[in-house]
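Every chain is numbered from 1, with letters handed out A, B, ... down the list of sequences.
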Number of protein chains: 2
Amino acid sequence: MTAVASPVALCGALADDTRWEILRRLGEQPLSASELAQRLPVTRQAIARHLGVLHEVGLVEPAKEGRQLRYRALGQPLTQLARDLENIGQAWEQRLDRLRAIAEERAHP
Amino acid sequence: MTAVASPVALCGALADDTRWEILRRLGEQPLSASELAQRLPVTRQAIARHLGVLHEVGLVEPAKEGRQLRYRALGQPLTQLARDLENIGQAWEQRLDRLRAIAEERAHP
DNA sequence: GCGAACTGCAACTGAAAGGTTGCGCTTAAC
DNA sequence: GTTAAGCGCAACCTTTCAGTTGCAGTTCGC
């Protein structure tokens, strides 16, 4: 939670349409589970569980406001994940280029 | 498959430890399902299904070599996803900064 | 203080997903 | 031509997960 979650855990949290919809709303405006349930076609309890999943990977943060608990979306884990994926993807592409060069060399020696 | 898969679909494919392990191996060297099964503690059929999932989101590409079918990891969908996540995360952070500024203004008018 | 709104916990259901075993088909090797 | 290696398909099992309903505990408003 405080430390950034692993890429696989983050991807797991992001592998659900309802959670993306929740994050989209929270990205615009902090909302509570009840308020989200009014806007989405699922029950408050389902939303609360999704918020728990998102909170465990640090994508969301609760803040008490009076008697209700509003959540906001945090971009830091997302940008961190973006950097990791960028590096991995580029490494694969470089390896592919090397393989292509070898194949080219073998075809036209 | 040819068009880049949606972020949620990509994250779904990346939300599994075995698939990450497969991708890690394929990032180093093209391998077939049978060859991967020799290196990982799961059956060839399980690997084949994982490869199917990865292929559907464009993270992997098959190439026939003789009578075997070797797969290689493709970095392009990953870098594309990285850019999307980067943008979304930055948008959330900007919104958070705005909210903090408003709160600050309200605290010290 | 009382009631209403908000949250949290627990049990249940249905569907999806990872994994296995078994079988049949193709294809290279000898 | 026969054989063995490699791949694909289908059925089955088990676990996980999204979603629901129901109920108990809190906290603000009047």
Side-chain angles (χ1 to χ4, degrees), chain A residues 1 5-26 29-73 77 106, chain B residues 1 5-26 29-73 77 106:
Chain A
M1 248 174 295
S6 70
V8 54
L10 271 169
C11 288
L14 294 174
D16 184 274
D17 287 302
T18 303
R19 282 198 283 270
W20 272 99
E21 191 60 31
I22 291 175
L23 287 172
R24 195 180 66 78
R25 309 283 181 137
L26 295 187
Q29 174 188 19
L31 292 170
S32 70
S34 301
E35 291 168 330
L36 282 165
Q38 292 173 359
R39 294 164 168 78
L40 298 179
V42 284
T43 57
R44 172 185 63 85
Q45 286 80 352
I47 303 246
R49 292 176 55 153
H50 284 303
L51 288 173
V53 173
L54 294 172
H55 183 230
E56 274 196 7
V57 297
L59 278 171
V60 121
E61 189 184 52
K64 292 192 67 171
E65 294 183 19
R67 82 171 128 178
Q68 46 194 11
L69 192 59
R70 289 215 170 86
Y71 286 80
R72 354 176 260 185
R106 196 152 26 205
Chain B
M1 245 173 298
S6 69
V8 54
L10 271 168
C11 287
L14 294 174
D16 184 273
D17 287 302
T18 302
R19 282 197 284 269
W20 273 98
E21 191 61 31
I22 291 175
L23 287 172
R24 195 180 66 78
R25 310 282 182 135
L26 295 186
Q29 174 189 19
L31 292 170
S32 69
S34 303
E35 291 168 332
L36 282 165
Q38 293 173 358
R39 294 163 168 77
L40 298 179
V42 285
T43 58
R44 172 185 63 86
Q45 286 80 352
I47 304 250
R49 292 176 55 151
H50 283 303
L51 287 173
V53 173
L54 294 172
H55 183 230
E56 274 197 7
V57 297
L59 279 171
V60 119
E61 190 185 53
K64 291 191 68 173
E65 296 182 19
R67 83 170 129 180
Q68 47 193 12
L69 193 60
R70 290 216 169 85
Y71 287 80
R72 357 177 257 186
R106 195 150 29 203

I need the [atom1]-[atom2] distance between [X] and [N], as an integer number of Å.
X: B:Tyr71; N: D:dC7; atom1: OH; atom2: P; value: 9 Å
X: B:Leu69; N: C:dC25; atom1: CG; atom2: C1'; value: 15 Å
X: B:Leu54; N: C:dA17; atom1: CG; atom2: C1'; value: 14 Å
X: B:Gln68; N: D:dA4; atom1: CD; atom2: C1'; value: 14 Å
X: B:Ile47; N: C:dG18; atom1: CD1; atom2: P; value: 13 Å
X: A:His55; N: C:dG8; atom1: NE2; atom2: C1'; value: 15 Å

Query raised in the report: Are B:Glu35 and B:Arg39 close enough for a salt bridge, meaning some N to O gap below 4.0 Å?
Result: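 Result for this pair is no, no salt bridge flagged.
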
What I'd like to find out is whether the side chain of [X] reaches to under 4.5 Å of the side chain of [Y], using heavy atoms alone.
X: A:Arg72; Y: A:Leu26; result: no
X: B:Val53; Y: B:Asp16; result: no
X: B:Leu36; Y: B:His50; result: no
X: B:Arg19; Y: B:Leu59; result: no

Requested in this report: Compare side-chain N and O positions of B:Ser32 against OP1 and OP2 of D:dG6 and report whether any pair is under 4.0 Å apart.
Outcome: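 So the side-chain polar atoms of B:Ser32 never come under 4.0 Å of the phosphate oxygens OP1 or OP2 of D:dG6.
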
Requested in this report: Examine C:dA17: is either OP1 or OP2 under 4.0 Å from a nitrogen or oxygen in the side chain of B:His50? Give yes or no.
Outcome: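 No.
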
Query raised in the report: Hey, can you pull the residues of residues 9-25 of chain A with a non-hydrogen atom under 4.0 angstrom from DNA chain C?
Result: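 Going residue by residue through residues 9-25 of chain A, none turns out to have a heavy atom under 4.0 Å of DNA chain C.
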
**Report entry** Atom pair CZ/OG of A:Arg70 and A:Ser34 - distance to nearest 0.5 Å
**Finding:**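 With rounding to 0.5 Å, CZ (A:Arg70) is 10.0 Å from OG (A:Ser34).
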
Query - Approximate separation, where rounding is to 0.5 Å, of B:Gln38 CD and B:Ile47 CD1 - result: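 With rounding to 0.5 Å, CD (B:Gln38) is 10.5 Å from CD1 (B:Ile47).
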
Query raised in the report: Do you know which two heavy atoms are closest between B:Leu23 and B:Ala73, and how far apart they sit?
Result: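 The pair with the smallest heavy-atom distance is O-CB, 4.3 Å.
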
Requested in this report: Assign each of B:Arg49 and B:Ser34 to its nearest nucleotide of DNA chain D by heavy atoms, then name whichever residue's nucleotide is nearer the 5' end.
Outcome: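 Nearest-nucleotide comparison on DNA chain D picks B:Ser34.
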
Distances under 3.5 Å between protein N/O atoms and the N/O atoms of nucleotides 27-29 of chain D, please, pair by pair.
unit_1	atom_1	unit_2	atom_2	d
D:dT27	O2	A:Arg67	NH1	3.4
D:dC28	OP1	A:Gly66	O	3.3

Give me the distances for all protein-to-nucleotides 21-23 of chain C N/O pairs that come in under 3.5 Å?
unit_1	atom_1	unit_2	atom_2	d
C:dG22	O6	B:Gln45	NE2	3.1

